[in-house]
Amino acid sequence: MTFELSSDLGFTGDSIRGRLAMVNRWLEDEPDWQTLADSGSTNQLFRGRSRGRNLVLRLNATERYAFGVDRCREATVLALISVYDWAPQLLYNDWQQGWCLMEDHGHACVNSGLTVSVEPLAALLEAIGQWQQLNVERTELSICRLDYSVLSDRYRSAFGSTPDRVWMQMLHRFDEIYRSLAVVPECLTHHDLHPGNLCGENLCSEALAQIESDSRWRVLDWEYAAVANPWFDAAALHRKFGVEKELIAGLPAFLQLSRAQFERCLDNACWLSEALECLWYAVRSPVEGAVQHRQTAQKLLLIPLSSGVGR
């Protein structure tokens with residue numbers, strides 16, 4: 001068993017070995033766990049093979065490094081979507097002990113910001129349409145709601161008693177622009193859609209265009225999922241995948257909006273999406289965040305609010 005520690009995730013060699021031992025006891029096997037090169041920036045990921053199955057193991061980062069994650073909420077969402085072929089196939093999610101074991105679904109498409117044709121993304125749009133139509137009044141999902149005003153207050157608290165003025169301006173502007181969005185039905189929202197969270201046998205960073213509707217692919221990383229505002233998934237589709245506005249407008253959550261209203265609100269949602277990324281990195285790594293993301297924040301603060309009445 002060999003592994004390398006991901007930087008800035010709060011892991012120690014002993015904590016990793018302890019959780020790997022738990023997983024091995026559950027499997028009644030001792031796979032040769034190898035660190036995934038594309039572990040991402042939140043958790044420690046391993047790949048291994050046990051009794052003829054290829055597996056991926058996720059060791060959960062602490063709350064400091066996964067700001068905003070609710071592991072109980074994630075477990076609820078993962079259990080409810082498990083019947084869909086686009087959901088990750090979990091073997092065991094021991095979120096209380098900090099690990100999640102799943103089938104290995106192949107390579108992730110790791111390059112964000114790709115502009116791809118509509119046809120390869122048809123399956124993703126179909127999947128989003130399906131999760132937007134889940135009955136959020138079900139008892140299980142009703143406990144999975146996210147209140148963005150509470151989230152905003154959590155960020156304020158995380159920045160401390162003497163916060164940087166730029167981040168406070170960002171949070172004030174976030175609240176203002178969020179209130180400008182047209183009201184749409186609350187639905188299951190992923191909150192972290194990007195090419196690196198699509199994974200499958202026919203997926204790799206060099207060949208995103210190979211995705212077809214019948215490919216065996218999955219949407220991963222549901223850590224930030226909640227019953228919430230679908231504008232954030234809409235923004236990710238436009239920002240991260242280059243999906244055209246009219247196709248996003250065809251998703252169930254937005255059908256009641258006029259074209260002009262949708263486009264204006266999507267512009268504002270894209271601002272919110274980028275601002276939330278900036279705030280997340282700043283909170284997780286205060287020193288580095290101030291250096292690396294302050295300029296982005298200042299540029300965002302110069303962008304005017306799209307005109308029109310949202311509500």
Between [X] and [Y], is any pair of side-chain heavy atoms under 4.5 Å apart?
X: Met168; Y: Arg165; answer: no
X: Leu237; Y: Ile128; answer: yes
X: Glu244; Y: His238; answer: no
X: Ser142; Y: Val227; answer: no
X: Arg58; Y: Glu223; answer: yes
X: His172; Y: Trp167; answer: no
X: Arg173; Y: Leu300; answer: no
X: Trp99; Y: Asn60; answer: no

Closest contact, heavy atoms only, [X] versus [Y]:
X: Ser82; Y: Gln89; value: O-NE2, 3.7 Å
X: Pro230; Y: Phe254; value: O-CZ, 3.6 Å
X: Arg53; Y: Leu27; value: NH2-CD2, 4.3 Å
X: Pro185; Y: Ala253; value: CD-O, 3.5 Å
X: Leu181; Y: Cys265; value: CD2-O, 3.5 Å
X: Asn43; Y: Ala61; value: OD1-N, 3.0 Å

Counting distance only, does the side-chain N/O of [X] pair as donor-acceptor with the main-chain N or O of [Y] below 3.5 Å?
X: His190; Y: Asp221; answer: yes
X: Ser180; Y: Ile177; answer: yes
X: Thr189; Y: Cys187; answer: yes
X: Gln44; Y: Leu59; answer: no
X: Arg73; Y: Ala225; answer: yes
X: Trp222; Y: Val219; answer: yes

Determine whether [X] and [Y] fall in the same hydrophobic cluster, where Ile, Leu, Val, Met, Phe, Trp and Tyr are linked whenever their side-chain heavy atoms lie under 4.5 Å apart.
X: Val69; Y: Ile143; result: no
X: Met22; Y: Trp33; result: yes
X: Val83; Y: Met102; result: yes
X: Leu220; Y: Leu125; result: no
X: Leu301; Y: Leu171; result: yes

State the [atom1]-[atom2] distance between [X] and [Y], to the nearest 0.5 angstrom.
X: Asn268; Y: Glu176; atom1: CG; atom2: CD; answer: 9.5 Å
X: Met170; Y: Leu276; atom1: CE; atom2: CG; answer: 9.0 Å
X: Leu78; Y: Cys100; atom1: CG; atom2: SG; answer: 6.5 Å
X: Asp70; Y: Leu146; atom1: CG; atom2: CG; answer: 9.5 Å
X: Gln133; Y: Leu188; atom1: CD; atom2: CG; answer: 12.0 Å
X: Leu141; Y: Thr76; atom1: CG; atom2: OG1; answer: 8.0 Å

Margin query: More than 12 heavy atoms of other residues, nucleotides or ligands under 6.0 Å from CD of Gln130: yes or no?
Written below: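 Buried by this count: over 12 neighbours within 6.0 Å.
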Next item on the list: Look at atom CD of Glu28 and say whether more than 12 heavy atoms of other residues, nucleotides or ligands are closer to it than 6.0 Å.
Entry: no
Check: What residues form a side-chain contact (heavy atoms from CB on, under 4.5 Å) with Ala127, not counting sequence neighbours?
Finding: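 Ala127: side-chain contact (heavy atoms from CB on, under 4.5 Å) contacts with Trp86, Trp131, Trp217.
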Notebook entry, point to check: Can you pull the salt bridge (Lys or Arg N to Asp or Glu O under 4.0 Å) pairs that have at least one residue in residues 188-200, sequence neighbours excluded?
Noted result: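 Matches after skipping sequence neighbours: none remain.
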Checklist line | Validation row, ring centre Tyr148 to ring centre Phe232 under 6.0 Å | finding: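 Centroid distance Tyr148-Phe232: below 6.0 Å, so yes.
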Checklist line | Pair Phe262 and Trp231, ring centroids less than 6.0 Å apart | finding: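 Yes.
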I'd like to know if [X] pairs up with [Y] as an ion pair, taking the criterion as any Lys NZ or Arg NE/NH1/NH2 lying under 4.0 Å from an Asp or Glu carboxylate oxygen.
X: Arg218; Y: Glu103; result: no
X: Arg51; Y: Glu30; result: no
X: Lys240; Y: Glu277; result: yes
X: Arg49; Y: Asp104; result: no

Note to self: Using the ring pair (Phe, Tyr, Trp, His ring centres under 6.0 Å) criterion, which residues pair with Trp95? Sequence neighbours excluded.
What the structure shows: none
Next item on the list: Output, in order, the C-alpha distance, side-chain angles, deciding distance and verdict of side chain to side chain contact (heavy atoms under 4.5 Å, CB included) for Asn93 and Leu101.
Entry: CA-CA 6 Å; Asn93 183 15; Leu101 184 66; over 6 Å; no
Next item on the list: Start with the C-alpha gap between Asp94 and Arg19, add the side-chain angles, then the distance that decides, and say whether side chain to side chain contact (heavy atoms under 4.5 Å, CB included) holds.
Entry: CA-CA 10 Å; Asp94 193 346; Arg19 279 187 272 184; over 6 Å; no
Margin query: Can you tell me which residue among Tyr224, Phe159, Tyr155 is in a ring pair (Phe, Tyr, Trp, His ring centres under 6.0 Å) with Phe67?
Written below: Tyr155
Notebook entry, point to check: Run the salt bridge (charged side-chain N to carboxylate O under 4.0 Å, His left out) check on Asp153 and Arg156 step by step: do they pass?
Noted result: CA-CA 5 Å; Asp153 287 342; Arg156 287 185 176 86; 3.4 Å; yes
Next item on the list: Indicate the ring-plane relationship of His293 and Tyr281, choosing parallel, tilted or perpendicular according to the 30° and 60° boundaries.
Entry: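 His293 vs Tyr281 ring planes: parallel.
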Notebook entry, point to check: Given Leu91 and Leu55, is the side chain to side chain contact (heavy atoms under 4.5 Å, CB included) satisfied, shown in steps?
Noted result: CA-CA 9 Å; Leu91 299 177; Leu55 308 175; 3.3 Å; yes
Check: How far apart are the C-alpha atoms of Ile248 and Leu251, what are their side-chain angles, what is the distance that settles it, and do they pass the side chain to side chain contact (heavy atoms under 4.5 Å, CB included) test?
Finding: CA-CA 6 Å; Ile248 305 172; Leu251 288 169; 4.1 Å; yes
Check: Taking atom types as modelled, is there a side-chain donor on Asp175 or Ser152 under 3.5 Å from an acceptor on the other?
Finding: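 There is such a pair (donor and acceptor under 3.5 Å, judged by atom type) between the side chains of Asp175 and Ser152.
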